[in-house]
Each structure stands twice: as C-alpha cells, then as structure tokens.
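Quick note on labels: first sequence line is chain A, next is B, and so on, each numbered from 1.
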There are 2 protein chains.
Amino acid sequence: MQGHFYRRNRGSGWWQGQFKGCGYRFTFPRRLILDVLSSSSMHLSAEDVYLEVHKKYPGVGLATVYRTLELLVQMGVVSKSDFGDGRARYEMNKGPEGQRHHHHLVCSNCGLVIDYADFIDEEAKLLKKVERGLSEKYKFEINSHLMQFYGLCEKCKGKKD
Amino acid sequence: MQGHFYRRNRGSGWWQGQFKGCGYRFTFPRRLILDVLSSSSMHLSAEDVYLEVHKKYPGVGLATVYRTLELLVQMGVVSKSDFGDGRARYEMNKGPEGQRHHHHLVCSNCGLVIDYADFIDEEAKLLKKVERGLSEKYKFEINSHLMQFYGLCEKCKGKKD
DNA sequence: CTCCTATTGATAATGGTTATCATTACCAAA
DNA sequence: TTTGGTAATGATAACCATTATCAATAGGAG
Ligand SMILES: [Mn+2]
Ligand SMILES: [Mn+2]
Ligand SMILES: [Zn+2]
Ligand SMILES: [Zn+2]
C-alpha cells in the first residue's frame, strides 16, 4: 500500500473466527467489504462493492475487492451468481445468524432478480432425491447446485404489445 | 467479405425452413456452423466451432461464428452454457429429430461435464410445480430454467488424499 | 438477371477480471 | 514492546473472451 494508513484492526467475534479457522487474516479491508455485503440485500457487482467501500475508505483498491470476494466465495460466506449482464454478482450467504440459501427468478427483459426461498423445502426434497440418483449412476459426489428460472416480471409481461 | 468465394448456397429442407420462418437467410457459413454443431456431441466453445469450420472453409471468420451462435441461441436451436472455465459453451438443442433437453453435472476439479436426462421426469414434475407457485406469487411468466449440479467426478473423487 | 439489403470477414475496441510487484500490515515469538 | 517473517494490499499493466465497426459480398424476392 502506498500512502494509506488503516487504523489498527482489533476486531474480534464471529468473522474473525471464520477467517482464522480457514488460516486467513481478518484485515481491515476485508472487514469493510463484509460490512458492505452484510448491510445490503442486493446482488452487488465487484464494482458496486468497491464504490461503496470507497465512500468510507478510499484507500481500498479494486483488486483487493476482487480478491476478497473470491476468498469469501471459497469460504462459503458469499455466493457468486451470473444473471447474464456480463458481470458477476455477489451476496452474503452465511453469517452469524446462519445460512440463507435461496434461488433466483430472473427477468430476461429488464434484469430484475427476485430471491425466493418459499419453495426451497419442496425443492430440497426432490433435489436430494435427484442428487442421490445421479451420485449413484455417475459415481459423482455432488456438493452444490445451481438453479435459476428465467422469464418476464410483472411489469415486463404487461409491456408486451 | 474480402477475397473469398462460397459456392452458391442451394440448401433446402428443415434448417432452411427454420431460418426463413424467423426471417433470416440460410447462408453458407451458417450451414457450416450447424454442420459442426450437429455432428458433435460435445460442449463446444465459439473457438472450437471456429477451428472446426475453418478446416473445411478457412474463409469463415470468428465474428460470424459468434454472431451465428447467438442467433441460433435466440432461435432456440442451440443452448449456451457456462461451466466456469471462462468461455461460453454451445451445443445443439433442437433439430429435425426434435428436442434434446437435459441438465448438467459438472466436476469442480477437472471440468468434466456429464449430460443427463435420466431424472428429468422427476425433476420436471417438481420444476412444473415450483414454476406454477412462483408464477402465481411473483406474477412471473417463466419461460426457461437453468439447473446444474457441481461436485467431483469418479476420477477426481479418488484422487483426494 | 437485377437490385436491395442482410450478412460477412478483418480488425479494432471493449470491459470485466487477473497477474505483477514493490510496499505495508498482521501477528506470533522473543 | 520490539522484531521479523510473510500474508495481504494498491496501483497498474496485462489478459482475453466477446462485441462493435465498416467496407465488401452474397442471398433471394421480384
Ligand atoms: Mn439472491
Ligand atoms: Mn449438454
Ligand atoms: Zn422485467
Ligand atoms: Zn473430475
């Protein structure tokens, strides 16, 4: 870092534990990035996160944002999605309050993304079943899945002439 | 085109009809690209298609391959997937013989991709159910879905120490 | 066969993401 | 508290799949 000074990072608690547990350091930029992700319910791009962090501490660089996001994805703390707009989107996945697993509904016209967890229970039941069958037949060890629905949102559905 | 000559394209049949039906021309490069996709069961990148077409007719450019692939995706003839290797993958989806809808099993370690349609029936049941629920609750008109499983293939599962 | 224009090929440009590298900060040990 | 080894960082260049540009060509209706 050239010319920037962070206040000493004396953090503690859940996040610090998560990082330490994985053999990583809980640095100040990482804390800031987590703050942004935690206090937002949107699907943020790396640049979104960068701009937000930048408001509070202009010293944090874009590269660090990318690196941290990738790290958090690896840790399972953040989930990374592609909604077809040419950039990755990130959102908090696991926090002190537990998981928040959900799937997405994407509008092909305006890009609106809706989170839903309503039908996760039913889905989970079948997903488990399918996963079991696939594991057996293809000798595959399934760790995760991706599921998205595409279509037209209420507004875009009406705009069709 | 600068300096290349295609033999007159006197094609007819199913494909020609598909293109005409959508208001497009059935050109020679487009036919070649379709040939490559039709005669392969792999998940080809745009460059893969380009190299293959290039063997027969070096006059076809990469831009045309990209354009044609995008067109075919719009027409529903080809499906475009992202398996996480930084480039889009294409494969035939609809042909004279009908649809070939399937989902994917992706190895997070070696990138192996397995097509499967075995459990589509069970999946389809749930997908329909969930789609109905989501449509109703969120006033969404669902047109398509994306479903992938990630994990370790047989070989990679064994290599873990 | 003619004419209009959709399509094409070569190539430059785009833009999100990654690599590089000198500098800095975290933290365990003294 | 001081020190030292090293993980992490910031600025920036590089990467690279995909798109835009534009003059030239080819498809196909009439
Ligand atoms: Mn979400
Ligand atoms: Mn496939
Ligand atoms: Zn919409
Ligand atoms: Zn594998």
- Residues A:R89, A:D48: salt bridge by 4.0 Å N-O rule: yes
- Query: Roughly, in whole Å, what's the span from CD in A:Q74 to P in C:dT18?
  - Reply: 11 Å
- Query: Do the side-chain N or O atoms of B:K20 get closer than 4.0 angstrom to the phosphate oxygens (OP1, OP2) of D:dG28?
  - Reply: no
- Message: Using modelled atom types and a 3.5 Å cut-off, is there a donor and acceptor pairing between side-chain atoms of B:S108 and backbone atoms of B:G151?
- Response: yes
- Task: Starting from C1' on D:dA17, measure out to CG on B:L62 and report it in whole angstrom.
- Result: 9 Å
- Query: How is A:R67 classified with respect to the nucleic acid when contacts are heavy atoms under 4.0 Å: base, sugar-phosphate, or nothing?
  - Reply: base
- Task: Quick one: sort the A:Y24 and A:F19 rings into parallel, tilted or perpendicular, breaks at 30° and 60°.
- Result: perpendicular
- Message: Using heavy-atom distances to pick each residue's nearest nucleotide on DNA chain C, tell me which of B:R25 and B:V65 is more 5'.
- Response: B:R25
- Send over the distance from A:D85 CG to C:dT14 P, rounded to a whole Å. 20 Å
- Here the distance between atom C1' of D:dT9 and atom CZ of A:F26, to the nearest Å, is 16 Å
- Task: Figure out the CG/P separation between A:D82 and D:dT18, and round it to whole Å.
- Result: 12 Å
- Query: Hey, does B:R87 reach any base, or is it just sugar-phosphate, or nothing, if we go heavy atoms under 4.0 Å?
  - Reply: sugar-phosphate
